[in-house]
Number of protein chains: 2
Amino acid sequence: MNLNKYNQIYQSLSSDIVEGKYETGDTLPSEHKLLKSFGVSRETVRKALNLLQENGYIQKMKGKGSVIIYNPSMNLTVSHLTSFKEVQEQQEKIYDTKVYSLEKRPAKDCPPVQEALDLDDEALVWELIRQRLYEDRTHIIDTDYFMYDMMPGLTEEIAGGSIYEYIEERLGHKISYSQKEITFSPMTELDIELFGPIQPPYTANVKSVVHLNDATPFQYNVSKHLASEFKFVDFSRRFTGE
Amino acid sequence: MNLNKYNQIYQSLSSDIVEGKYETGDTLPSEHKLLKSFGVSRETVRKALNLLQENGYIQKMKGKGSVIIYNPSMNLTVSHLTSFKEVQEQQEKIYDTKVYSLEKRPAKDCPPVQEALDLDDEALVWELIRQRLYEDRTHIIDTDYFMYDMMPGLTEEIAGGSIYEYIEERLGHKISYSQKEITFSPMTELDIELFGPIQPPYTANVKSVVHLNDATPFQYNVSKHLASEFKFVDFSRRFTGE
DNA sequence: CAGTGGTCTAGACCACCTC
DNA sequence: AGGTGGTCTAGACCACTGT
């Protein structure tokens with residue numbers, strides 16, 4: 001994994017930053033020093049630095065250098081596509097996952113799903129509802145739809161663990177990109193059943209359509225959070241170019 | 001503006017895609033063809049294609065080509081840092097802006113602002129509250145704090161237009177990146193005064209700290225939306241490398 | 001096999017910042 | 001003037017995809 005050089009350099013520098021070897025406001029060694037110390041060409045170093053910049057670790061400044069702008073309180077940036085399990089590992093909370101239901105259904109029962117996953121009328125989908133519990137209380141309800149044909153062997157046991165791990169490691173697919181939408185809505189009856197009588201009875205909903213490397217949409221996910229506990233953190237840049 | 005070649009190529013290709021010269025699922029001409037037709041080197045074409053990929057226009061596939069994945073319903077991606085005015089122009093709604101108040105205040109009256117903008121106890125800030133109206137109803141309340149020293153000449157008139165335009169074009173600063181947080185909260189008294197007695201009395205809040213090119217934080221913004229109308233759209237990629 | 005994108009190199013010129 | 005990052009080039013080799 002991670003065979004290419006610029007990713008190795010990125011990993012190396014980003015962990016230095018996270019571990020505090022550089023303070024916020026410090027500058028990284030210059031590109032010239034880095035290319036010497038890593039024994040690579042300048043463009044290779046620059047690719048690594050661009051990754052650091054895109055992900056909010058540094059700000060490059062012409063004539064000055066690469067300044068560390070990393071802010072530890074920002075490291076729960078949900079913006080980059082990660083599975084629930086990956087997000088969880090960054091934070092300190094450990095949730096239990098409980099599978100509420102796993103059913104095979106006709107795609108055409110749920111038009112938004114059928115459309116988002118680009119399925120014909122005969123296609124089947126898995127419908128998976130999971131609760132994320134912390135100290136015996138449900139904090140998140142995840143509802144997922146997957147193309148049945150892609151993973152006919154899905155079981156409750158797999159669904160209770162990391163589905164992404166299953167898809168990437170067992171099925172050999174590569175997960176690539178997603179479109180997300182965040183909205184707020186009143187709880188449904190099912191929400192109240194699973195969350196309990198929480199006030200206010202609103203949820204924050206993160207809907208995402210996740211695509212594989214070859215651009216096929218394979219997952220339709222709605223993740224409902226208790227609205228009052230919800231926080232989405234993002235880092236974004238205005239333009240990439242001049 | 002946009003002197004460099006890869007940005008020109010990016011602009012050219014992205015507008016072709018938006019205008020529908022390519023359908024979703026089509027492939028772009030190969031890198032080889034593009035470098036010949038634009039008369040540039042391959043790395044230059046690739047920088048443009050990487051921008052297209054990062055911004056969700058295409059998905060590059062080894063051995064196949066660059067496939068269009070652009071989805072018109074996705075073009076209101078708020079994720080990339082844009083001013084309210086810029087976002088508004090992408091959508092079709094036209095809001096009126098009304099300045100509710102513009103006051104000079106000591107930074108230390110508001111500790112979160114003082115900390116985020118990295119100000120000392122004597123520093124002053126502008127506090128600006130604006131309503132965004134659509135058909136005579138307030139839909140968004142924007143509360144902003146700016147460093148007073150950076151723009152002592154701020155007026156209600158400027159605040160009623162595009163502050164970003166003022167900062168970038170008149171003051172010559174470059175806006176670079178921001179950290180955002182999305183949360184949900186009950187309305188305050190001021191919210192109810194400005195929004196009116198809306199049900200449910202909750203707002204979706206986008207808090208952002210915006211930084212200039214030289215990494216100085218210059219704006220602290222809280223944008224409150226009616227919870228039931230709020231929608232945040234995002235495009236994100238899992239990894240950039242292998 | 002030919003065509004595609006992915007990585008990497010060595011070198012060039014430029015714009016910006018600091019001294 | 002010397003150091004920094006930003007852009008661009010021409011060429012190389014590799015891995016993947018299709019026929």
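Computed from a predicted structure; not experimentally measured. Chain naming here is simple, since letters A, B, ... match the order of the sequence lines and numbering starts at 1 in each.
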Using the ring centroid of each side chain, check whether Y148(A) and W126(A) are separated by less than 6.0 Å.
yes
Partner of K207(A) by side-chain contact (heavy atoms from CB on, under 4.5 Å), out of Q179(A), E181(A), K180(A)
E181(A)
Any side-chain N or O of S30(A) below 4.0 angstrom from OP1/OP2 of dG3(D)?
no
Using residues 27-35 of chain A as the side-chain source, report each donor-acceptor pair under 3.5 Å to any protein atom, sequence neighbours left out, with the distance given to one decimal.
from	atom 1	to	atom 2	distance (Å)
S30(A)	OG	K33(A)	N	3.3
E31(A)	OE1	R42(A)	NE	2.8
E31(A)	OE1	R42(A)	NH2	3.0
E31(A)	OE1	R46(A)	NE	3.4
E31(A)	OE2	R46(A)	NE	3.1

Would you tell me if any nitrogen or oxygen in the side chain of K5(B) comes within less than 4.0 Å of OP1 or OP2 on dT9(D)?
yes
What is the distance, to the nearest angstrom, from the OH atom on Y6(A) to the P atom on dT9(C)?
13 Å
Can you see whether Q59(B) engages S176(A) through a side-chain donor-acceptor pair at a distance of less than 3.5 angstrom?
yes
Side chain of E31(B): nearest nucleotide among dG5(D), dG5(C), dC8(D)?
dG5(C)
For the helix from dC1(C)-dG18(D) to dT18(C)-dA1(D), how many degrees between its two end axes (five pairs per end), to the nearest 10°?
10°
Strictly under 4.0 angstrom, non-hydrogen atoms only: write out the protein contact profile of nucleotides 12-19 of chain D, one letter per nucleotide from the 5' end, B, S or -.
B---BSS-
N221(A) side chain to Y145(A) side chain, donor-acceptor N/O pair below 3.5 angstrom
no
Criterion salt bridge (charged side-chain N to carboxylate O under 4.0 Å, His left out) on D214(A) and K64(B), from CA distance to verdict
CA-CA 10 Å; D214(A) 63 359; K64(B) 288 189 184 166; 5.5 Å; no
Is it the case that Y6(B) and N50(B) place a side-chain donor and acceptor less than 3.5 Å from each other?
no
Looking at E115(A), I want to see if its CD is surrounded by more than 12 non-hydrogen atoms of other residues, nucleotides or ligands under 6.0 Å.
no
Could you check whether the rings of H211(B) and Y177(B) sit parallel, tilted or perpendicular, using 30° and 60° as the cut-offs?
parallel
Write down the distance between CG (L35(A)) and P (dG3(D)), rounded to a whole number of angstrom.
14 Å
What's the CG-P distance between L34(B) and dT4(C), to the nearest Å?
10 Å
Between dT9(C) and T44(A), is there an OP1 or OP2 to side-chain N/O distance shorter than 4.0 Å?
yes
Without decimals, in angstroms, what is the distance between H32(A) NE2 and dA10(C) C1'?
13 Å
Determine: side-chain N/O of K60(B) to OP1/OP2 of dG6(C), distance under 4.0 Å, yes or no.
yes
Separation of Q59(B) atom CD from dT4(C) atom C1', in whole Å?
15 Å
